[in-house]
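Every chain is numbered from 1, with letters handed out A, B, ... down the list of sequences. As a basis for the values below, the full set of heavy atoms in this structure was taken, side chains included, without hydrogen atoms, waters or symmetry mates.
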Number of protein chains: 2
Amino acid sequence: MQINQATDYSFRVVLYLSTLPRGEVVEAQTIAQTQCIPMRYLFKIMPSLTRAGIITSQRGVGGGYVLAKDPAEISLLDVIEAIEGPIRLNRCFIDEHYCSKNGPPDCPVHQALAGIQQRLNADFSKVVFSDLLE
Amino acid sequence: MQINQATDYSFRVVLYLSTLPRGEVVEAQTIAQTQCIPMRYLFKIMPSLTRAGIITSQRGVGGGYVLAKDPAEISLLDVIEAIEGPIRLNRCFIDEHYCSKNGPPDCPVHQALAGIQQRLNADFSKVVFSDLLE
DNA sequence: CTTAAAATATACTCAAAGGGTAAACAATTA
DNA sequence: TAATTGTTTACCCTTTGAGTATATTTTAAG
């Protein structure tokens, strides 16, 4: 019931990129240093953010990373899903066979969790990075 | 970002006990069989529910488990906290030193997560077991 | 007071996930 | 073509999670 370290780092990365002038390319080392993230670790999470369309990357001399959208269009949920995949409050939301009892349609717990999960998703998607620039 | 297996089992245990006539003592084996939970595993989670005051246990011949309160007074949150402890969406809610940057008071992400966590707790505590008896 | 039934405590194994590191590779620009 | 910078793949170690085994304590009944 916790976001993982990679996601937390990613929040910081996106928040940092949001503070920069639109379109400014910044290299990995700068991000790592200013945000206190191990370089090697950073290299592991950046491709996920790129694939998710949150940032774009540029190789070669003068390369680096840029935000791909406006900070007002990137939510906490976008980053979470980019790194961890969709939020599933219980295993049976991934695969019904995990429910060794009657199965979802008849399971009142399942239904209650589904509602809570839906609200949680909504809450995470309501917060966008432009809100976080104080 | 998922409740664990022990918590899911516990939901089932409490839900099952909620269906019984008030005060009826039922032994571990019956719970395990009807709810499809491994006996040994059940023995591991029951003490936590007892300590949390959700059920009471009785040893010896004719012993077993009983619900300690009315199902209307036991929430999903009660069970989650009994098994997993309080919900913390990020490590820095457990210990600030996990935040290798500025620390909570200045961290806008921290504040956003705190709000979401609070609502999540509220949602979990709103659902009580009497609601789940269809 | 002894015995059997039941929960409790402790400890162990095995597999999976999380956090972090390393090195070879591919692309771009000067 | 050489240097710079991101990408890919793979590995290691520690922690957590799921499940199992055994010995112990409590209690009621004979």
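Taking atom CG on A:L42 and atom C1' on D:dT8, their separation rounds to 15 Å, with Å as the unit. Between the CD atom of B:Q5 and the C1' atom of D:dT20 there is a distance of 15 Å, given to the nearest Å. What separates CD of A:Q29 from C1' of D:dT7 is a distance of 17 Å, to the nearest Å. Note: CG (A:L49) to C1' (D:dG6) measures 14 Å, nearest angstrom. Rounded to whole Å, atom P of D:dT14 lies 20 Å from atom CG of A:N4. If you take CE of A:M39 and C1' of D:dT5, they are 9 Å apart, rounded to a whole angstrom. The distance between atom CG of A:D8 and atom C1' of C:dG19, rounded to the nearest whole Å, is 13 Å. Rounded to an integer number of Å, the gap from CD of A:E84 to C1' of C:dG19 is 14 Å.
With A:I74 as the fixed residue, the side-chain contact (heavy atoms from CB on, under 4.5 Å) test singles out one of A:L15, A:L67, A:V127: A:L67.
Nearest nucleotide to the B:Y9 side chain, out of C:dG19, D:dT20, D:dG19: D:dG19. Considering only the side chain of B:R51, C:dA9 comes nearest among D:dG6, C:dA9, C:dA5. Among C:dA5, C:dT21, D:dT7, the nucleotide with an atom closest to any side-chain atom of A:R59 is D:dT7. Minimum atom distance to the side chain of B:R40 is reached by D:dT22, of the listed C:dT8, D:dA18, D:dT22. Of the candidates C:dA6, D:dA18, C:dA4, the closest approach to any side-chain atom of B:E27 belongs to C:dA6. Picking from C:dG19, D:dG6, D:dA18 the nucleotide with the shortest atom distance to the side chain of B:K44 gives D:dA18. Residue A:Y65 places its side chain closer to D:dT7 than to any other of D:dT7, C:dT21, C:dT29. For B:Y41, whose side chain is taken as the heavy atoms from C-beta onward, the closest listed nucleotide among D:dT20, D:dG6, C:dT28 is D:dT20.
A side-chain donor-acceptor contact under 3.5 Å links B:E84 to the backbone of B:N4. Between the side chain of B:R12 and the backbone N or O of B:Q35, at least one donor-acceptor pair lies under 3.5 Å. Remark: the backbone N or O of B:L89 is paired with a side-chain donor or acceptor of B:Q117 at under 3.5 angstrom.
Side-chain N/O atoms of A:R91 include none lying less than 4.0 angstrom from OP1 or OP2 on D:dG17. Under 4.0 angstrom from either OP1 or OP2 of C:dA7 there lies no side-chain N or O belonging to B:T50. Considering only side-chain N and O atoms, A:S57 lies under 4.0 angstrom from the phosphate OP1 or OP2 of D:dT7.
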Q | Evaluation steps, side-chain contact (heavy atoms from CB on, under 4.5 Å), between A:I31 and A:L17 | A | CA-CA 9 Å; A:I31 300 178; A:L17 293 178; 4.3 Å; yes

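Base contact: B:F43 has a heavy atom under 4.0 Å from a base atom. Here A:Q58 lies in heavy-atom contact (under 4.0 Å) with sugar-phosphate atoms only.
Atom CD of A:Q118 has 12 or fewer neighbouring heavy atoms from other residues, nucleotides or ligands inside a 6.0 Å radius.
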